[in-house]
Amino acid sequence: DGVWAVAGGMHGIARALAALAERHGAVLRYRAPVAEVLVGRGGAAGVVLASGERLPARAVVVNADPQALAAGLFGTDARRAVPAMAAAERSLSALTWTGVARPAGLALDHHTVVFSDDYGAEFADLAAGRLPRNPSVYLCAADRAAGAAPPAEEAIHLIVNAPPVGDGLPADAVAAGKDAALASLRAGGVDLNPGDGEWTTPADFAARFPATGGALYGRASHGWRASFQRPGAVTRVPGLFLAGGATHPGAGVPMAALSGRLAADAVLAAR
């Protein structure tokens, strides 16, 4: 049925879920980091917030990368919930830019990809832990949804594949990667003419999603067995469940939403 856009922007999904939860009696606590998942004899027993507050619970759903559990970031007792994953099994990270621009040259669609002229070399760079020297570049021109005429200065989101090496990329390599992305666009006929905006690097993603190295999609999807190795909703700790893009069925907003449904089903089935 094609690609669908969300009324009010992608964050409209989060707002709708929050409103639905509150209508059913949920209490949402924002800016309340969790320091530990409590595990008792019978399984998960609640959480401890960074403030020291303890919240008892019969079930805990972790909507973080499962490797944060395996790394002990939610406490030593919760480490056994999922197996640890080697860094070599991580999916890709990204170098992104979000801002306003005045694109010239090739007419953009809502989604446009300018491919590298040597796709093999691009992925050889990624496998070696380097930002591609001649990357493929994805552009989302959000103001062009449904064929709308864009404003003179329009919202642009740019994505380039990057290795999941966290802060292992030196600053000069990141700077070169940014230049390479814009050069690839120009070679493909797009002069972005970027204005105000913000770059996000693998190090930034690693800081936002601890224990991932900046990997954005959990376990890499290489090989026929990869999909079956992605953690599901049920963990080794009774009462502790998983949801999110790094769990089954996978990354992306629709898939992550499905993982939430699977987690909810698993919680209800375990009661």
Side-chain angles (χ1 to χ4, degrees), residues 10-11 13-14 17 33-34 36-37 44 47 59-75 78-96 122-123 125-132 135-136 138 140 157 159-169 200-237 239-267:
M10 195 70 74
H11 51 283
I13 297 174
L17 287 171
V34 173
E36 181 182 359
V37 173
V47 298
V60 175
V61 179
V62 175
N63 181 30
D65 192 289
Q67 290 308 298
L69 281 166
L73 300 185
F74 289 109
R79 292 185 68 167
R80 60 186 175 89
V82 294
M85 184 182 74
E89 297 174 305
R90 293 170 176 165
S91 60
L92 291 175
S93 186
L95 179 65
T96 73
E122 177 177 1
F123 279 86
D125 281 342
L126 292 168
R130 299 188 296 262
L131 282 167
S136 299
Y138 162 79
C140 175
H157 183 53
I159 304 176
V160 171
N161 286 327
V165 294
D167 56 4
L169 289 170
T200 306
T201 71
D204 296 321
F205 288 119
R208 294 179 187 183
F209 309 110
T212 67
L216 297 181
Y217 318 106
R219 180 184 290 272
S221 58
H222 309 318
W224 68 270
R225 293 187 299 173
S227 295
F228 303 100
Q229 294 173 326
R230 187 177 290 272
V234 178
T235 74
R236 295 170 177 173
V237 175
L240 181 56
F241 304 92
L242 300 177
T247 64
H248 177 76
V253 172
M255 307 292 264
L258 285 173
S259 81
R261 289 188 175 188
L262 293 173
D265 290 343
V267 169

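Only this structure's heavy atoms are used, side chains among them; waters, hydrogens and symmetry mates stay out. This one's a predicted model, so the numbers in the text were calculated from it and none came from an experiment.
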*Is the shortest heavy-atom distance from the side chain of Arg90 to the side chain of Pro163 under 4.5 Å?*
no
*Closest non-hydrogen atom pair between Ala263 and Val61, with its separation*: CB-CG1, 4.3 Å
*Sequence neighbours left out, what passes side-chain contact (heavy atoms from CB on, under 4.5 Å) with Val34? Give chain and number order.*
Val47, Leu49, Phe74
_Leu169 side, atom CG; Leu131 side, atom CG - distance, nearest 0.5 Å_ = 5.0 Å
_Using the salt bridge (Lys or Arg N to Asp or Glu O under 4.0 Å) criterion, which residues pair with Arg80? Sequence neighbours excluded._
none
*Got a sec, which residues hit side-chain contact (heavy atoms from CB on, under 4.5 Å) with Pro66, two or more places apart in sequence or on another chain?*
Val82, Pro231, Leu242, Ala246, Thr247
*Heavy atoms only: give me the nearest Ala59-Phe241 pair and the separation to one decimal.*
CB-CE1, 4.0 Å
Listed pairs under 3.5 Å, donor-acceptor, residues 208-221 side chains, sequence neighbours left out:
unit_1, atom_1, unit_2, atom_2, d
Thr212, OG1, Phe209, O, 2.6
Thr212, OG1, Gly214, N, 2.9
Arg219, NH1, Glu89, OE2, 3.1

*Can you name the side-chain contact (heavy atoms from CB on, under 4.5 Å) partners of Ala81, sequence neighbours left out?*
Leu69, Thr235, Val237, Leu240
Using residues 251-258 as the side-chain source, report each donor-acceptor pair under 3.5 Å to any protein atom, sequence neighbours left out, with the distance given to one decimal.
none

_Please find the pair of heavy atoms, one from Ala44 and one from Val60, that lie closest to each other, and give the distance._
CB-CG2, 4.1 Å
*By side chain to side chain donor-acceptor pair (under 3.5 Å), which residues pair with His222, not counting sequence neighbours?*
none
*Does Asp204 have any salt bridge (Lys or Arg N to Asp or Glu O under 4.0 Å) partners at least two apart in sequence or in another chain, and if so, which?*
none
*asked:* How close do Pro135 and Val160 get, counting heavy atoms only, and between which atoms?
replied: CB-CG1, 3.5 Å
*Output every pair passing side chain to side chain donor-acceptor pair (under 3.5 Å) with a member in residues 256-266, not counting sequence neighbours, ordered by first then second residue.*
none
*Any residue meeting side-chain contact (heavy atoms from CB on, under 4.5 Å) with Leu92, in chain and number order, not counting sequence neighbours*: Phe123, Leu126, Asn161
*For Ser136, which residues count as a side chain to side chain donor-acceptor pair (under 3.5 Å) partner, sequence neighbours excluded?*
Glu122
_More than 12 heavy atoms from other groups under 6.0 Å of CZ on Arg230_ = yes
